[in-house]
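Here's the structure, in structure tokens; my notes come after.
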Amino acid sequence: MDLYQSQNLGKNKRSKRHSGGIIVYIKKQIYPGIEYLKDGSQSPNRMWLKLNKTFFGTGTHIYLCAVYIPPLNSTHTADDLLNLEAEIANYSKYGDIALIGDFNARTGEQADYIENENNSSQFLQDMLPQDYDLDSPIKRNNLDILNQQGNNLLNMCLSSRLRILNGRYLGDSLGYHTYFSKNGCSTVDYAILSKDLLPSVEYFCTSDLNFLSDHVQISFKLKCDIKQYINKKDFNNNNMKKFTTYRWTDVSHGKMYEALNSDEVKNKILNFEITHFVRNEKGINEASKSLTEILDNVASKTCIIKVPIKQKKSKIKKNPWSDNELKDLKSKINNLGKKLKHKPFDRNLKQQFFETAKYLKKASKKKKIQYQQQMIEKLSNLQTKDPQQFWKLLKSLRNNMNTTEINMKSDNLTNHFQKQGLWNKPCDKAEDEINLFLENKESENRFNEITDSPITISEPLRNRVKCERWIRACGRPDLNVEKVTKYSYICSLHFVRGNGPTEEYPDPIPAGACEAEKENFMLQNRKRRAPIDRPSLVCRKVKKPGKSADQGTVDLDHSYCIVHVPDFEAEIELRPSDEGKVPDDIDTTIFTATPLPVETKDSGSQTYHPTYSDSSTNVNLKTMRRQLFVSDVEKKPKAYTGMTLDVLKLVFSHVELKASRMKYWYGSSRVDDSFDDTENDVSGKKRGALRELSLWEEYLMSLVRLRKGLDTDVLGDMLCISSSTVSRIFTTWIVFLRKELDFLIKWPTKDQIKENMPKCFKYFPKTRVVIDCTEFFVQKPSLPSAQRITWSSYKHNNTFKLLVGITPSGSFCFLSKLWSGAVSDRRITQASGFLEMLEFGDEVMADRGFTISDLLALKGATLAIPPFANGRQLSSRAVTRTRRIANARIHVERAIGDIKSFQLLQGTLPLTLKPILDDIIFVCGALCNLRSKLVK
């Protein structure tokens with residue numbers, strides 16, 4: 001067969017394979033009569049072929065199109081039906097049209113012809129042309145329903161005078177479904193022909209469902225008269241002698257001599273010589289025919305007729321891992337597919353079919369992997385034991401490579417080549433060359449003065465002290481500093497964790513230490529983190545009683561200090577055992593010491609109490625705790641704020657300039673002045689007292705309280721500030737962020753909605769917004785009137801109610817102000833300003849409680865809510881619509897759940913938050929819009 005192939009649609013980032021594309025296979029016998037119209041369509045979803053009328057014996061050319069129409073809400077949809085209709089209008093001028101493929105349209109039993117045209121044409125006889133052909137009504141059966149894409153397809157059939165074959169011909173008289181899935185079944189694959197081609201259709205049928213695809217195969221047959229192609233039957237019936245083959249034998253030589261000397265053959269040869277043949281095609285055919293008769297006559301008398309051997313049909317190669325279990329599963333699926341075709345609404349049958357198909361896929365994959373592993377093991381065993389069988393098996397696997405793919409895993413492939421590359425001992429000459437090469441490499445001078453030189457006293461003092469510590473840890477009395485060279489090593493097992501020195505444990509464990517001594521060593525020798533920068537103190541000489549300053553001693557009021565010596569490139573460690581002495585060669589007037597805690601031992605309790613001699617310790621402690629808070633938030637931003645660190649920094653960079661100018665909230669009398677956005681302040685400094693926290697710390701603290709719901713006292717202790725300061729900072733930042741992040745919650749345009757419409761809204765393409773109301777528990781007010789208006793009969797508690805609107809993609813586009821819990825959903829929708837946002841033709845999706853269809857009608861909008869039962873059982877269509885609305889409306893519940901994931905809004909809200917509660921909810925919604933798309 002020859003084939004034509006269209007361009008595929010490319011590969012999605014998340015999908016595992018390429019999608020789209022059309023392939024058409026054509027038999028070689030009819031290939032000359034078909035022309036591929038390469039420029040027939042600009043879309044890769046359609047392929048046009050021209051069937052020549054002369055070759056196929058039809059009255060006109062037939063333009064056949066293989067079609068795929070994406071679903072209505074697909075991202076690949078680009079007015080495919082309109083473009084297809086334009087192409088049909090172009091080709092219908094030159095011949096008839098035939099379409100076949102997946103249209104993703106459900107047409108039901110709606111007519112694809114003009115109904116009652118005979119009656120209406122009586123009033124239009126004077127206006128219609130004389131050759132006008134009236135539509136003939138032919139009823140069409142279909143087990144499916146009608147949707148919008150199907151309505152568009154029927155309109156195209158009406159305008160182009162096309163007819164659908166499904167449900168009209170023998171083989172599909174009931175209009176069976178062509179697509180099956182776990183969620184349902186539908187008829188979306190069609191064969192559509194011009195009205196004039198209907199008499200030429202012999203049959204149309206839909207095959208049974210199998211495990212290869214969730215679509216069934218559709219096929220139809222057209223009558224035609226192919227004149228240029230002569231099949232075997234026609235070849236035998238045209239009074240043409242069939243060519244015979246002969247076989248030469250041992251006695252054929254003598255018989256040939258007798259046959260050529262016979263009078264009959266001599267006369268035929270003489271007649272052939274004297275006959276004058278015209279030098280054209282006809283004359284050549286006559287001459288070749290006469291000569292063939294002579295040779296055939298001689299051969300029949302000389303040789304034996306050779307009987308042709310019938311060639312056996314080549315069997316279809318099966319997968320070598322396929323066994324009876326897979327064969328039985330395939331047979332079971334085929335039987336279930338036949339039953340499912342006639343009982344498409346049987347849930348148990350459908351579930352059994354798809355579960356069996358899923359199990360077949362897993363079992364086939366498992367057996368394929370097992371077969372591959374067996375082949376790999378067999379090859380590895382035969383490689384050394386029987387090389388001849390190894391290559392024979394490998395050759396057979398190569399021959400079956402088209403049907404059998406042996407995909408070795410990376411580990412198996414590595415082991416295979418390692419075995420292939422096993423080094424065998426070379427000959428003596430090669431071995432000598434290798435040894436000579438290695439000796440030359442070892443003799444090369446690769447000495448490094450810095451790293452390979454021996455440790456000596458002339459080196460910095462720190463290396464010598466470290467060397468002595470390591471020697472003591474080895475516990476060998478015969479080892480000293482003078483014996484240590486560049487070739488001296490300590491085993492890595494002598495270190496903590498057995499991997500050599502690390503930054504945390506740089507020294508080895510002492511030899512012969514017990515478990516308790518090892519634990520004590522790990523605690524004492526663990527390297528501390530770098531201290532926080534703080535001002536250093538200059539040590540002064542202090543005279544001890546009975547000693548003069550000339551003796552070169554220093555009395556330090558710390559039991560341990562680090563002395564920085566400018567003359568050396570190292571640090572000298574002084575411990576209590578050194579008795580405060582400093583080497584004589586060090587000038588004690590030039591070194592500085594970093595103060596550390598002093599450990600004083602209480603003789604009564606035998607415990608150590610750290611005391612500090614630095615006056616700035618409180619300031620450093622505050623700084624440490626604040627830095628620790630910031631570092632924890634930056635390490636786990638999702639846990640503390642619900643956002644990534646990049647989003648946190650992005651929002652902060654957006655508001656940082658204006659945040660440096662804002663005025664802080666100091667009470668209800670100044671709440672309106674909590675933010676100053678004037679540009680008159682050239683200095684850009686905050687008015688009033690200096691900030692105790694930086695802008696970044698205040699920003700993170702506000703978001704942490706919003707996300708985790710921490711109390712002001714807890715945050716105050718964490719950041720070393722008062723609870724009133726926390727409350728003031730939080731209130732100021734919430735009001736400030738409410739104004740600065742206002743652009744994140746905006747009403748989108750229709751074009752923006754259409755571009756980002758998800759698949760779950762394919763049945764509701766006009767949906768502009770999905771709305772719902774949610775409630776927050778609040779503290780019980782003291783006034784009875786306030787208790788009454790905040791009481792919710794639905795929640796049985798005092799609540800505040802909020803109207804939420806999201807786009808089909810899941811982003812917040814409308815958040816109303818908070819209302820008391822006793823207010824109805826209709827009242828909130830009417831008074832919140834939501835209706836002013838709607839435009840003509842919009843569709844609003846909501847729950848049954850929103851009885852606002854009359855309010856939307858005034859704006860030219862419609863309401864999509866689940867149908868009411870009214871005391872009766874819902875019909876199948878009502879149940880289907882309820883399920884589809886619920887499948888799309890569930891995302892507004894998820895969006896509300898994102899807002900309530902901020903723990904400050906969970907539980908019972910205190911009434912003290914009421915002045916800024918609207919701002920808090922708005923900020924939470926804005927931050928939710930910064931996350932990834934909710935509906936994909």
Side-chain angles (χ1 to χ4, degrees), residues 629 632-633 636-643 665 668 671 699-719 721-735 737-738 741 772-804 806 812 815-823 825 828 890 892-929 931 934:
F629 171 79
D632 289 341
V633 176
K636 299 179 180 179
K638 275 275 189 181
Y640 283 100
T641 64
M643 296 183 293
W665 184 82
S668 59
V671 70
Y699 170 69
L700 292 181
M701 184 207 72
S702 302
L703 295 183
V704 168
R705 182 166 191 244
L706 200 63
R707 183 68 181 179
K708 307 304 290 183
L710 297 179
D711 190 60
T712 55
D713 294 331
V714 177
L715 284 173
D717 293 339
M718 293 172 65
L719 298 171
I721 56 177
S722 63
S723 60
S724 60
T725 304
V726 174
S727 178
R728 183 170 64 251
I729 294 173
F730 178 74
T731 303
T732 304
W733 272 92
I734 288 298
V735 177
L737 290 176
R738 165 65 177 86
L741 302 182
D772 196 7
C773 281
T774 185
E775 299 183 55
F776 301 92
F777 292 160
V778 295
Q779 184 182 356
K780 184 178 180 180
S782 57
L783 294 176
S785 58
Q787 295 177 13
R788 180 177 58 82
I789 62 176
T790 58
W791 179 259
S792 172
S793 58
Y794 178 69
K795 296 290 185 179
H796 299 285
N797 208 326
N798 298 97
T799 61
F800 286 151
K801 187 177 285 189
L802 172 73
L803 176 63
V804 176
I806 66 168
F812 290 102
L815 292 174
S816 71
K817 292 186 178 299
L818 289 173
W819 294 72
S820 57
V823 183
D825 297 345
I828 297 176
I890 189 63
V892 71
E893 303 288 350
R894 295 175 59 200
I896 293 173
D898 286 347
I899 285 186
K900 291 189 175 181
S901 64
F902 290 87
Q903 297 181 15
L904 188 63
L905 299 176
Q906 297 177 4
T908 302
L909 299 176
L911 292 177
T912 53
L913 289 178
K914 181 181 178 299
I916 60 169
L917 199 52
D918 287 328
D919 297 332
I920 290 175
I921 292 176
F922 189 91
V923 171
C924 292
L927 296 179
C928 289
N929 280 354
R931 302 180 188 176
L934 184 65

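Note that the coordinates shown come from a computational prediction; the quantities given were computed from them, not determined experimentally.
A donor-acceptor contact shorter than 3.5 Å links the side chain of S820 to the backbone of I789. A distance-only check finds no donor-acceptor pair linking the side chain of S727 to the backbone of S723 [under 3.5 Å].
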For this session: Before giving the answer on side chain to side chain contact (heavy atoms under 4.5 Å, CB included), spell out for L927 and L706 the whole-Å C-alpha distance, their side-chain angles and the decisive distance to 0.1 Å.
Result: CA-CA 11 Å; L927 296 179; L706 200 63; 4.3 Å; yes
Exercise. Does the pair L917 and L905 meet the rule for a side chain to side chain contact (heavy atoms under 4.5 Å, CB included), with working shown?
Worked result: CA-CA 9 Å; L917 199 52; L905 299 176; 4.2 Å; yes
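Using a 4.5 Å heavy-atom cutoff, the side chains of T641 and V704 are in contact. Residues T712 and F730 have side chains not in contact (no heavy-atom distance under 4.5 Å, counting atoms from C-beta outward). In this structure, the side chains of D772 and V804 stay at 4.5 Å or more apart for every pair of heavy atoms.
G642 and R931 get closest at one heavy-atom pair: O-NE, 3.9 Å. Closest non-hydrogen pair, L934 versus A895, comes out as CD2-N, 3.9 Å. Between L710 and M718, the closest heavy-atom pair is CD1-SD, 4.4 Å. The heavy-atom pair separating I899 from C924 by the smallest distance is CG2-CB, 4.5 Å. For L904 against I920, the heavy-atom pair with the smallest separation is CD2-CD1, 4.1 Å. Of all heavy-atom pairs spanning S722 and T725, the tightest one is OG-OG1, 2.7 Å.
Taking a 6.0 Å sphere around NZ of K780, one finds it holds 12 or fewer heavy atoms contributed by other residues, nucleotides or ligands. At most 12 heavy atoms of other shown residues, nucleotides or ligands fall within 6.0 angstrom of atom CZ in R788.
For the side-chain contact (heavy atoms from CB on, under 4.5 Å) with F776, the qualifying choice from I921, T908, N797, N798 is I921, the only one to do so. Screening T774, V823, D825 for a side-chain contact (heavy atoms from CB on, under 4.5 Å) with K801, the sole residue that qualifies is D825.
A distance of 12.5 Å separates OG in S901 from CD1 in I896, rounded to the nearest 0.5 Å. Rounded to the nearest 0.5 angstrom, I729 CD1 and S724 OG are separated by 9.5 Å. Note that CG of L700 and CZ of F629 are 6.5 Å apart. Values are rounded to the nearest 0.5 Å. For the atom pair SG (C928) and CG (L815), the distance works out to 9.5 Å, reported to the nearest 0.5 Å. For the atom pair F812 CZ and D898 CG, the distance stands at 6.0 Å (nearest 0.5 Å). Taking CG from D918 and CD1 from I734, the interatomic distance works out to 12.0 Å, rounded to the nearest 0.5 Å.
K817 forms no cation-pi arrangement with F800, by the criterion of a distance under 6.0 Å to the ring centre and an angle within 45° of the ring axis.
Using cut-offs of 30° and 60° on the angle between ring planes, the pair W791 and H796 is perpendicular.
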